[in-house]
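Written out below as structure tokens is the structure these notes cover.
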Amino acid sequence: NINSTANPSPGSLYVSSDWFEFGSTEKPAIPFELYLNSRAPSAELTLKVFQFKTPDEFVKALREKEKSPSWAPFAAEKNKLKTDSLDKVLEFKQTFDLTKWQSKYMMFPETIKEGFYLIELSNEDLSAQAFLQITDVLSYIVGDKDSTLLWLNNLKSGLPEKSAQVSYYDGGENLQTNTDGLVKLSNPKKTDTENIAARDLADGRLSVLNAGYSYQPYENNGNEGLYWRYIQTDRTLYKPNDNVAFWGYIKSRTDGSVPDKVTVELANGAYRYPVKINGGRYIPFLSNPLDTLTLEANNGFYEGNIKLPA
């Protein structure tokens with residue numbers, strides 16, 4: 001046995017995304033995960049909301065955070081943004097029961113006005129940060145290697161956001177959405193720093209949108225098995241009875257071989273079940289399939305369609 005005199009880690013705290021968006025009439029709800037090595041039955045968390053004065057400050061902070069990529073969680077943990085120059089507009093506390101394995105949300109007690117914010121969630125020595133934008137313009141974005149298509153809608157009116165000026169934040173072509181709220185931008189040559197687009201609305205407000213960079217923090221998605229695997233759907237938002245088209249790729253990690261057939265499941269939700277193994281914590285991901293397809297694979301590639309239930 002090896003005895004360590006180093007101070008043990010108090011646990012882990014992280015929010016489910018690095019970028020949140022809510023409408024001005026919504027009370028934001030921030031999902032998070034907390035694990036304490038002390039096995040405390042409950043915990044009180046504090047959430048502070050700081051406001052950026054300008055969109056430029058917001059974008060500058062985003063890019064500062066990007067210096068520590070999401071797949072390097074320890075580096076990202078150390079790269080916390082300073083809040084000294086920001087205005088704190090809200091602070092509240094909530095207590096959570098840690099004896100139950102369930103999703104946890106920090107529920108804002110009130111709405112906050114449109115703008116750009118940094119939220120900081122903390123419990124004693126643990127803390128996590130995320131970006132928050134309050135805007136009444138909903139955006140749907142899809143793109144390929146050459147261009148990006150944006151569809152803007154107004155949450156208050158329920159109508160397309162027409163005649164909005166849209167451009168990449170660092171400049172380039174400045175285009176206007178059509179009567180359906182659609183606009184297509186050519187992708188910039190540089191994709192490492194020009195991944196944020198801006199929309200200048202008819203009333204002069206400016207809203208920043210995520211134009212392709214993944215702001216999901218690193219987590220273990222169960223892809224550490226014997227196969228490299230990837231699946232892509234035709235879009236990210238569906239209604240009941242919609243048809244989901246997808247394609248994917250699968251390849252053995254051990255010998256580079258590819259299977260002749262693959263199984264794709266449509267799951268009715270999923271859950272994580274904690275199991276202790278050798279003193280550690282192993283949390284498999286379990287699903288309840290509604291439909292199962294067996295598909296032919298061609299050199300590791302497969303594609304198919306599956307219909308959603310009503």
Side-chain angles (χ1 to χ4, degrees), residues 13-34 45-63 65-66 70 81 83 86-94 96 102-122 127-142 150-162 164 166 169 177 181 195-217 219 235-239:
L13 170 65
Y14 64 90
V15 290
S16 65
S17 176
D18 288 338
W19 176 305
F20 292 96
E21 282 192 9
F22 292 92
S24 63
T25 61
E26 298 176 287
K27 294 180 181 179
I30 306 299
F32 71 93
E33 293 290 343
L34 172 66
L45 283 93
T46 301
L47 192 143
K48 298 178 182 179
V49 183
F50 301 91
Q51 185 172 20
F52 293 96
K53 296 181 177 65
T54 65
D56 286 346
E57 288 185 1
F58 181 67
V59 173
K60 182 180 178 181
L62 284 168
R63 293 178 175 166
K65 197 67 174 176
E66 287 176 17
S70 60
L81 297 172
T83 60
L86 302 179
D87 296 329
K88 186 172 70 173
V89 297
L90 182 64
E91 179 178 346
F92 64 95
K93 300 178 184 292
Q94 279 181 241
F96 294 86
Q102 59 187 15
S103 299
K104 301 175 180 63
Y105 295 84
M106 292 294 290
M107 308 296 295
F108 276 51
E110 59 192 61
T111 61
I112 55 177
K113 65 180 182 180
E114 290 187 64
F116 310 98
Y117 301 89
L118 177 73
I119 60 175
E120 187 170 82
L121 183 63
S122 62
S127 65
Q129 293 179 333
F131 297 101
L132 171 66
Q133 180 176 204
I134 303 298
T135 177
D136 286 322
V137 176
L138 178 68
S139 60
Y140 178 81
I141 306 172
V142 63
L150 301 96
W151 182 30
L152 308 184
N153 286 270
N154 191 291
L155 289 175
K156 285 186 174 179
S157 67
L159 299 174
E161 189 72 42
K162 59 183 180 180
V166 181
Y169 203 89
T177 56
N195 50 26
I196 298 171
R199 48 187 186 255
D200 192 1
L201 309 179
D203 57 7
R205 289 174 296 122
L206 185 69
S207 185
V208 176
L209 58 91
N210 177 359
Y213 185 88
S214 174
Y215 286 98
Q216 294 295 328
E219 65 175 19
R235 48 197 168 97
T236 58
L237 186 64
Y238 297 90
K239 297 186 296 184

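In what follows, residues are counted from 1 in the order of the sequence shown. We use all heavy atoms of the structure for the numbers below, so side chains are in, but hydrogens, waters and symmetry mates are not.
Side-chain atoms of S24 do not come within 3.5 Å of backbone N or O of D136 as any donor-acceptor pair. Panel note: side chain E26, backbone F22; no donor-acceptor pair is recorded below 3.5 Å. Between the side chain of Q129 and the backbone N or O of I119, no donor-acceptor pair lies under 3.5 Å. Side-chain N or O atoms of S17 include none that pairs as donor or acceptor with a backbone N or O of F20 at under 3.5 Å.
Remark: S127 OG to K48 NZ distance equals 10.0 Å, nearest 0.5 Å. Note that the CE atom of M107 and the CD atom of Q94 stand 7.5 Å from one another [nearest 0.5 Å]. Residue L132 holds its CG atom at 10.5 Å from CH2 of W19, rounded to the nearest 0.5 Å. From K104, atom NZ reaches atom CG of L34 across 6.5 Å, with rounding to the nearest 0.5 Å. Note that CG of L155 is 7.5 Å distant from OG1 of T25, once rounded to the nearest 0.5 Å. Interatomic distance, L138 CG to K156 NZ, rounded to the nearest 0.5 Å: 14.5 Å.
Side-chain contact between K65 and F131: present, with at least one pair of heavy atoms (C-beta onward) separated by less than 4.5 Å. Within the 4.5 Å cutoff, no side-chain heavy atoms of W151 are placed close to those of S139. A 4.5 Å side-chain heavy-atom check between F96 and Y105 finds every atom pair outside the cut-off. Between I134 and T111 the shortest side-chain heavy-atom distance does not fall below 4.5 Å. For the pair F92/F108, a side-chain contact is recorded, criterion being any heavy-atom separation below 4.5 Å from C-beta on.
Taking the six-membered ring wherever Trp is involved, the centroid distance between the rings of Y117 and F50 does not fall below 6.0 Å. Residues F58 and F52 bring their aromatic ring centres within 6.0 Å.
Other residues, nucleotides and ligands place no more than 12 heavy atoms under 6.0 Å from the NZ atom of K60.
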(request) Under the side-chain contact (heavy atoms from CB on, under 4.5 Å) rule, what do L121 and I30 come out as? Steps first, then yes or no, please. (result) CA-CA 9 Å; L121 183 63; I30 306 299; 5.6 Å; no
(request) Test V49 against L47 for side-chain contact (heavy atoms from CB on, under 4.5 Å), laying out the working first. (result) CA-CA 7 Å; V49 183; L47 192 143; 3.4 Å; yes
(message) For K88 and T83: C-alpha separation, side-chain torsions, deciding distance, then whether side-chain contact (heavy atoms from CB on, under 4.5 Å) applies.
(response) CA-CA 8 Å; K88 186 172 70 173; T83 60; over 6 Å; no
(message) Run the side-chain contact (heavy atoms from CB on, under 4.5 Å) test on L150 and T177 for me, step by step, so that the C-alpha distance in whole Å, both residues' side-chain angles and the decisive distance to 0.1 Å come before the verdict.
(response) CA-CA 9 Å; L150 301 96; T177 56; over 6 Å; no
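Residues V15 and A130 come closest through the heavy atom pair CG2-CB, 3.8 Å. A pairwise comparison of heavy atoms in K27 and E110 identifies CG-C, 3.9 Å as the closest pair.
Between the side chains of E161 and N153, no donor-acceptor pair of N or O atoms lies under 3.5 Å. A donor-acceptor contact closer than 3.5 angstrom links the side chains of K93 and T46.
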